[in-house]
2 protein chains.
Amino acid sequence: MSRWIAERGLKATRQRDLIVDTFFSASGHLSVDELLAKVQSRDENIGAATVYRTMKILSDAGLASARHFDDGQTRYEAAIGRHHHDHLICTSCHQIIEFENERIEELQDMVARHHGFQVTRHKLELYGLCKDCQGR
Amino acid sequence: MSRWIAERGLKATRQRDLIVDTFFSASGHLSVDELLAKVQSRDENIGAATVYRTMKILSDAGLASARHFDDGQTRYEAAIGRHHHDHLICTSCHQIIEFENERIEELQDMVARHHGFQVTRHKLELYGLCKDCQGR
DNA sequence: ATACCTGCAAATGTTTTGCAATGAT
DNA sequence: ATCATTGCAAAACATTTGCAGGTAT
């Protein structure tokens, strides 16, 4: 993100580097809390506000995307060179599975066109029980 | 909702009746704030907590459904005898259009089956500009 | 009479913001 | 030297909860 940072007069700091590095080293859909914990295990003096601020920058830069699942917390996932995709979310073990489906996207475009809508982003989430959680 | 209320020892009160009546008389996807305002224009002494509590009851009774769009507020819509449907949301004028698409639902089921997932509910939201807001 | 309900205010949980001190260029 | 950034604490939100008093059955 250094180019993006330089272009708008932002500064590279130890904290930002650490947060960004931690974020991209981790996998999955991290809540700010989870990320903060990982970050603080490397430098306990980093504050939550800095993590919030840094993730907002990453998100504005298009390098991370914010997701709002139904648990009331914002989660971020890496967005570098990734296709758009949607999510299956297990309501029992909270596992998140990603999927892509070209046909669904096409049908969404069709629906939007039909309503004269210009879609900029969409969200498709399927909530339920994953294979492992169905037997209890 | 009188039957549902009686069945579980809940009580019919003036406030609940007023909130429920206001909710079903209004249309669209009301936030608690919006509903509270309408309710208070009929009885200014009704508190926000009562609206929250009542909408939770309606929701548990299956008469209203809670929606969480990306604006950080819970919105409720009437759910009596309605099909499942999804939403187109204008990010400029905040208009919300509903749609149903059988093919998309089928494809979702296929995706879920493919992952061994048992889906209980899903959410499909298309964000963008509605016809009116595209010209600015 | 006995629960249940209400309104208020206080508590909660998540995210944002003001500010003085610190740090990058 | 400038101006962005940090950490902290306080503020801002949306929502929930405790409680004393009020109300439906």
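Quick note on labels: first sequence line is chain A, next is B, and so on, each numbered from 1.
With rounding to whole Å, B:Lys56 atom NZ is found 16 Å from C:dC5 atom C1'. Rounded to a whole Å, the CG atom of A:Leu10 is 19 Å from the P atom of C:dG23. Atom-to-atom, CZ of A:Arg67 to C1' of C:dT14 comes out at 20 Å; the value is rounded to the nearest Å. The distance between atom CE of A:Met55 and atom P of C:dT15, rounded to the nearest whole Å, is 12 Å. Taking atom CZ on B:Arg8 and atom C1' on C:dA3, their separation rounds to 17 Å, with Å as the unit. The separation between A:Asp71 atom CG and C:dT14 atom P is 9 Å, rounded to whole Å. Nucleotide C:dG23 holds its C1' atom 11 Å from the CZ atom of A:Arg16, rounded to whole Å. A straight line from NZ of B:Lys11 to C1' of C:dC4 spans 4 Å, rounded to a whole angstrom.
Donor-acceptor pairing under 3.5 Å is lacking for the side chains of A:Glu125 and A:His87. A:His29 and A:Glu98 share a side-chain donor-acceptor pair at under 3.5 Å.
The 12-atom threshold is exceeded at NE2 of B:His84, counting heavy atoms of other residues, nucleotides or ligands nearer than 6.0 Å. The number of heavy atoms from other shown groups lying within 6.0 Å of NE2 (A:His85) is above 12.
Under the side chain to side chain contact (heavy atoms under 4.5 Å, CB included) rule, B:Ile104 has a single partner from A:Glu105, A:Glu106, A:Gln108, A:Arg103, which is A:Gln108.
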Apply side chain to side chain contact (heavy atoms under 4.5 Å, CB included) to the pair A:Val39 and A:Asp43, showing each step before the final yes or no. CA-CA 6 Å; A:Val39 164; A:Asp43 178 345; 5.7 Å; no

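For B:Asp60 and B:Arg8, the salt-bridge test fails: no basic side-chain N is under 4.0 Å from an acidic carboxylate O.
You'll find the side chain of A:Met55 stays beyond 4.5 Å of the side chain of A:Thr74, heavy atoms only. Contact annotation: the side chain of B:Thr54 never approaches that of B:Gln15 to less than 4.5 Å [non-hydrogen atoms, C-beta and beyond].
In the set C:dC5, C:dT15, C:dG7, C:dC5 carries the atom at the smallest distance from any side-chain atom of B:Thr13.
Taking every nucleotide of DNA chain D with any atom under 4.0 Å from a non-hydrogen atom of chain B, the first and last of them, 5' to 3', are D:dA14 to D:dT25.
At a non-hydrogen distance threshold of 4.0 Å, B:Ala49, B:Tyr52, B:Arg53 from residues 40-53 of chain B come into contact with DNA chain D.
Note on B:Gln15: a side-chain N or O is less than 4.0 Å away from OP1 or OP2 of C:dG7.
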